[in-house]
Amino acid sequence: MSEDTRPVLSATGISKFFPGAIALDSVDLTLYPGEVHALLGENGAGKSTLIKCLTGAYRRDAGSIQLDGEEISPTSTQESQVHGIGTVYQEVNLLPNLSVAENLFLGRQPLRFGFVSQRRMQREARRILGGYGLRIHPAEPLSTFSVAVQQVVAIARAVELSGKVLILDEPTASLDRDEVEMLFKVIRQLKERGLAIVFITHFLDQVFEICDRATVLRNGRVVGTRELAHSSQTDVVHLMLGRQLESRVQDRAPQTAGKTLLEFKGIGRKGMLEPFDLAIREGEVVGLAGLLGSGRTETANLIFGAVPADQGEAWLRDQKIALTSPRDAIRHRFGLCPEDRKTDGIVGDLSVRENIILALQARQGWFRPLNKAKVNELAEAYVKALDIRLASLDMPIRFLSGGNQQKALLARWLATNPDFLILDEPTRGIDVGAHAEIIALIEGLREKGMALLVASSELEELVAYSTRVVVLRDRRQVCELHGEDISTRNIVAAIAQGHLEEVA
Amino acid sequence: MTHGLQATLRRVAPQLMILAAVLLLNVIVFPDFFRIEFQNGRLFGNLVDVFNRGAPTALLCIGMTLVIATRGIDLSVGAVMAIAGATAASLVADGSGWVTALLGALAVGVLCGLWNGVLVAVLRIQPIVATLVLMVAGRGIAQLITEGTILTFVNPGLIHLGAGTVLGVPTPILIWIGLGALITLGVRRTALGMLVEAIGINESSSRLAGINSRVLLICVYLVTGFCAALAGVIVAADIKGADANNAGLWLELDAILAVVIGGNSLLGGRFSIVASLIGALIIQSVNSVILLSGLPPEFNLVIKALIIIAILVIQSPTVKHALYILRASAESAGVDTPAASASAPLAKSTETAR
Amino acid sequence: TIGFSQIGSESGWRAAETTVTKQEAEKRGIDLKFADAQQKQENQIKAIRSFIAQDVDAILLAPVVATGWDEVLEEAKDAEIPVLLLDRTVDASEDLYLTAVTSDLVHEGEVAGKWLVEEMAGKPCNVVELQGTTGSSPAIDRKKGFEQGIAGHDNLKIIRSQTGDFTRSQGKVVMESFLKAEGGANICALYAHNDDMAVGAIQAIKEAGLKPGQDIKIVSIDSVPDIHLAMAAGEANATIELTPNMAGPALDALEAYLSSGTTPPKWIQTESRLYTLKDDNQAVYEAKKGLGY
Amino acid sequence: MIRSTHLPLVVTILTFLAAFVLCSGQYPAMMSTRVVANLLTDNAFLGIVAVGMTFVILSGGIDLSVGSVIAFTGVFLAVILRDTSIHPLAAFALVLAMTIAFGAAMGAIIHYLDMPAFIVTLAGMFLARGLAYVLSTDSVPITHEFYDVLQSLYWKAPGGGRFRLTGMVMLATFIIGMVVAHRTRFGQNVYALGGGAQTARLMGVPLASTTIGIYALSGGLAGLAGIVFSLYTSAGYSLATVGVELDAIAAVVIGGTLLSGGSGFVAGTFFGILIMGLIQTYIVFDGTLSSWWTKIVIGGLLFAFILLQKGLTWATTARRKPLIDFAAP
Ligand SMILES: Nc1ncnc2c1ncn2[C@@H]1O[C@H](COP(=O)(O)OP(=O)(O)OP(=O)(O)O)[C@@H](O)[C@H]1O
Ligand SMILES: Nc1ncnc2c1ncn2[C@@H]1O[C@H](COP(=O)(O)OP(=O)(O)OP(=O)(O)O)[C@@H](O)[C@H]1O
Ligand SMILES: [Mg+2]
Ligand SMILES: [Mg+2]
């Protein structure tokens, strides 16, 4: 990163306006060859918008971009690909109906006599994915694979496309440690080849592990650029939030759980989840830990009735209940914040307000609309309580940044005042500030006597709020950790144990 | 309340403007267009005709708007009209009273809606294919009832629904305005409107939020069947006979067109029944231009196509956006009002980026 | 076995033709294979080809349009299957079919025109015309015939002509607009290409407060039962019959040809009878009611 | 190994074969070269438009204008051959250029004005039919000797079946369509568009040229179908081929292509066409159905096929096992 190397890409004065919001206000970004550059900022700071402007997915309203000293102005992502800028956008952006190989090579398929050669394409795909430790059949449609695999394919595609710059927008949000390691290995190789890499994430550990410099955005403006070797986490966090993050007391939650609320006996579904028993008491947070694909999401969906169980029974306050649909569950005052907020969570074109009251209204029934004043009061209260950043309650929720969407979804369920709340990856894509708030929120809810089931891939977080952790492996419960036993190390051990067995 | 009215007016403003333009076109080809007389116990005039003849399309587009809001489409409404008309006619022919006939026809329409709804919501067949089945078979069923003939009837009660008047106003006008108002209030004064929009935008999310999307979807198709049946009865009553071969033929396309001209997206979501109804009036006004112009019928379709294309282009998101920018920059070029200067940087910079 | 390729069932008259054809076949003990083409020529061609593949003894064809039959008729000829045309001839060489039993569409229009000329007896008269479906041959020919019929009589003037798609409801709608555009008093006669449109128009005239049949003379074609009912009530003035019994003469000709080899004439014209108020329309109505119109 | 994505295709083919065997069991005359040749000849124009429709539907769109474009092509050819001395081949080229331009214009409107294909092509349908009326309301026979030459090009198989040029044109269209769909970048872009336009855009698929290309292709194939139809009937008629777009859509859907786009096969459409042709042939062979029962039975069979497909798809996805992804590091 010596001062005299010429930047690969330098953007100056990039601005982007949305109706009612200034997403980017004269942002500068400079990338040098062979550097990994972190782009940091709170939810809604404008990170995704910035890279969309850089790559031509959005038309920028002002500013100029220079690539290798030459002015470029990509008007489509295709154009930026031609310039050698490969990008992974925030939500997985691949085509589920095409095969893995076709996704990898879309737009630059190997040709033979002018025709696409499927055979060569698949051979190449196998080779490329092998480099990420992924051994799959590349002719299968992408939709048959889990989100994690899709994410890796998206990364592989972007890497293949990037001759000069690689941009990764929260690529690790749905990856496990091992995959993250694999990704970092690839990034280091690319760095050696002299590529400039933009890395967006909310995991500061990862930032300090892999990145050289960081540019921090706040409210659409650059508030600073730092050499990471010479700065600390607190410094960066301070820059991001504009305030200090109170260090939280790491007291273990006292064991004051109430009486048993729910009991599942031998509940399961063939081909999806092995039968398991689980009891949850009031004022208890049960954490679900496991590797990708271990069945955490399945457990959550099964308990919520989103995918009905085909065996076992459920008891609520010693009464047997039927859980065949989300509606049943909601009637019994359950709530579920799903993992994939884009497809299962938000209702994109409805306003933020309507999204917040949706579940409450659905429970109230078709013919008893919530009155307007109450709706506004509720929505405003939650926007304030969760610090959701928005231009207006009337704006469609899909215009919110990813993290703010997540908070709005939390608000939806809190508004129903549930007895039992299931959170599937509640902090995915959420910034450090909000992360702390959500953890505090979970503890607050528990103290009020709510029962929670939280699935998460972030072990530190699980350790922080769980009163009990259930470890899953291969869609089966393998062990349960209580009280003092709950620690990152023990969870990792419990997960890994299964791994060793499997290999043996 | 007034706030809601204002919002509605803002929503339908483009449609109203287009309607005004097409009506103006009518006046150009026929200067007496707006003259309304009271003649022979009924209002009599071209404008009355537009409202009266627009009734079937208007009725269809009430239901169609809801179906389209759920990201569906119903191609079978024309056929359902034929079935309902045939049912009503054959019931009065068998000696039933007009009330029985009407109820019977409506019941049959609802049944057709149920069939479509089950195909879409339970069997998960894509709406366009699911309703294609009834579109093809339905006319056959209607002909089965009438045995291919025009089933003429003389029951005055039934005829009154299509050709009669109430206080001088043709009954169909009252029926479609009444039903339109009823259903608009029905969906907007309850939570139904929002829930329908929610399942149209993202069904999976809606289901997880506890909306009974399956039943709601079926209900929407039931409403469409009901509206189609009512339209069928009116059309049959109008000519005092059930014409299974021609009643409602291709009218589903007009209804869909009306919904789109009403500014509703075929991709589901936000909807406005009032705007669709104005869309129906626009289509009928276009038909009226064609009839009044006196041009040879060979040109009917070309004229209709050109006017519709013009309307759609004006309404397209791209043109709307361009107009918005144009207006904003025109404002900023003018007097330096605070509002104008506030919107100026936005408009200008968007332009330079092009 | 005889195959019958019918156009479809787009109108009451068509349904009646189908019914009568089936009755005539049954009367003669013929096994009739019926194929409805849903108004599509391609379906008719498919049907004929299938009949050939089944090796039927003869084919009855009611062609939807005059052109486009050469190829398939040649195939029928190769397979030595006689083809008889009903209610419309085709633009094909005459040796490709045995005979055509049709009315003369132009003649029908002409009869209507002549009737109106006589009825008006030189008085000035503004005529409005309800055309059939744009592009269909009855619409074209009946328009032509009518114009021929009134040619040279300058007192008759066609002031408006628009399509009513052969349907009752369109007939009514278009008549309504005529009445408004021209004013009821300005219209003295209506010529409709078929009775259904006339029946619809009669309602429109009544709703406008005028007396159909008196204030506005009405002449139309087909002679379906409902128009006779209207005529019996004095609400319509004349209709020209297009008989639905095309199959009778055709089957007679076919039987003669098959049994004794007598080649029938290439064109068997059915009678285009004019009915006016002088006829006993109530009786005609009763007689026709059961024919499946 | 049959890949899961190929299943709808296999199902369609099996359905056709089973149906054909069943029908032949009832009417032995159906097992003849005549019937087979008729299936090809009579459905030639429908097959050709259905290929274009397959591309459109694969991309997540729809084209309602094809029936009218066929009619327009026929009338245009008939009128131009009647009124001028231009050679039919030149007229073919001219009309193809026109229909391609027409389709491209619709594609451009759909893309640049961001309007739904359903509505744009509906307006296109009105316009094309309207233009046909303006050219001539009457049906115009075509009597050029070149037409006779083209029509006399057939191979008479033993058993009386005539395999005509038009049928071969359809087969060729299908084969080329298959190659384009699966072996060219354009084809891949079509599938990509059907998988999600926004995503495809972010992945760098050129949306504008692909969309315009798709509708131009559909328009051009409708023009070709119009030429075939004019050979088939030796005439141009403005009321011809009403509702053919619905037949084409039905054939595409029966052939296993999803109307929502992104999944399906050109080859499936071929069997969809054959199945529809078979249904009609069966109804004619039966010969006892009245007009109304014909409609009801066609609707019912359509429903049966959709249901069969649905059931098979459901049965197979329910059993689909998740694939194990990551190798141990
Ligand atoms: N199409 C749009 N219309 C209006 N506002 C928008 C639109 N897209 C984004 N915004 C707003 O722009 C701001 C920046 O959003 P962006 O997605 O870039 O945030 P981000 O930094 O990527 O956040 P996150 O970490 O949550 O992903 C947000 O306030 C968002 O609400
Ligand atoms: N629709 C599907 N079809 C086939 N397999 C699926 C499907 N959905 C999920 N799976 C498989 O089920 C397993 C569980 O996936 P899932 O992502 O739900 O697990 P998880 O433990 O919740 O992981 P995470 O939440 O960290 O992504 C994975 O192996 C995945 O491939
Ligand atoms: Mg983002
Ligand atoms: Mg999960």
Do you know which of Ser260(D), Gly243(D), Ser291(D) has the most heavy-atom pairs with chain B at a distance under 4.5 angstrom? Ser260(D)

To the nearest 0.5 Å, what is the distance between CG (Leu253(B)) and CG (Leu122(D))? 5.0 Å

What part of Leu127(D) gets closer than 4.5 Å to chain B, counting heavy atoms only: side chain, backbone, both or neither? both

When rounded to the nearest 0.5 Å, the distance separating CD1 of Ile57(D) from CD1 of Ile128(B) is 8.0 Å

So, for Gly299(D) and Ala137(B), which heavy atoms are closest and what is the spacing to 0.1 Å? CA-CB, 4.0 Å

Using non-hydrogen atoms only, which part of Ser290(D) is less than 4.5 Å away from chain B: side chain, backbone, both, or neither? neither

Between Phe299(B) and Val134(D), does the side-chain contact (heavy atoms from CB on, under 4.5 Å) criterion hold? Intermediate values first, please. CA-CA 6 Å; Phe299(B) 293 99; Val134(D) 173; 3.8 Å; yes

Can you tell me which of Ile303(B), Val302(B), Leu134(B) forms the most heavy-atom pairs within a distance under 4.5 Å of chain D? Val302(B)

If I take atom CZ from residue Phe118(D) and atom CD1 from residue Ile256(B), how far apart are they, to the nearest 0.5 angstrom? 3.5 Å

In terms of heavy-atom proximity below 4.5 Å to chain B, should Val242(D) be classed as side chain, backbone, both, or neither? side chain

Before you tell me yes or no, could you show the steps for Gln126(B) and Val253(D) under side-chain contact (heavy atoms from CB on, under 4.5 Å), namely the whole-Å CA-CA distance, both residues' side-chain angles and the distance that decides it to 0.1 Å? CA-CA 10 Å; Gln126(B) 295 174 69; Val253(D) 171; 5.9 Å; no

Option in Ile308(B), Val319(B), Val313(B) with maximal non-hydrogen atom pairs under 4.5 Å from chain D: Val313(B)

Return the minimal non-hydrogen interatomic distance between Ala123(D) and Ala305(B), and the atom names on each side. O-CB, 3.9 Å

Validation row: Leu119(B), Phe303(D) side chains within 4.5 angstrom (heavy atoms): yes

Do you know which of Leu259(D), Val120(D), Thr137(D) has the most heavy-atom pairs under 4.5 Å to chain B? Leu259(D)

Residue among Arg139(B), Arg124(B), Lys304(B) with most heavy-atom pairs under 4.5 Å to chain D: Arg124(B)

Name the member of Ile125(B), Asn300(B), Ile73(B) that forms the most heavy-atom pairs with chain D at distances under 4.5 Å. Ile125(B)

In terms of heavy-atom pairs under 4.5 Å with chain B, the winner among Trp293(D), Phe126(D), Tyr133(D) is Phe126(D)

Under a 4.5 Å heavy-atom cutoff, which of Asn245(B), Leu123(B), Leu267(B), Leu306(B) has the most pairs with chain D? Leu123(B)

Chain B contact residues among residues 102-116 of chain D, heavy-atom distance under 4.5 Å: Tyr112(D), Leu113(D), Asp114(D), Met115(D), Pro116(D)

From Gln143(B) CD over to Thr294(D) OG1, what is the distance, rounded to the nearest 0.5 angstrom? 9.5 Å

Any idea which of Val129(B), Leu75(B), Ile261(B) has the most non-hydrogen atom pairs under 4.5 angstrom with chain D? Val129(B)

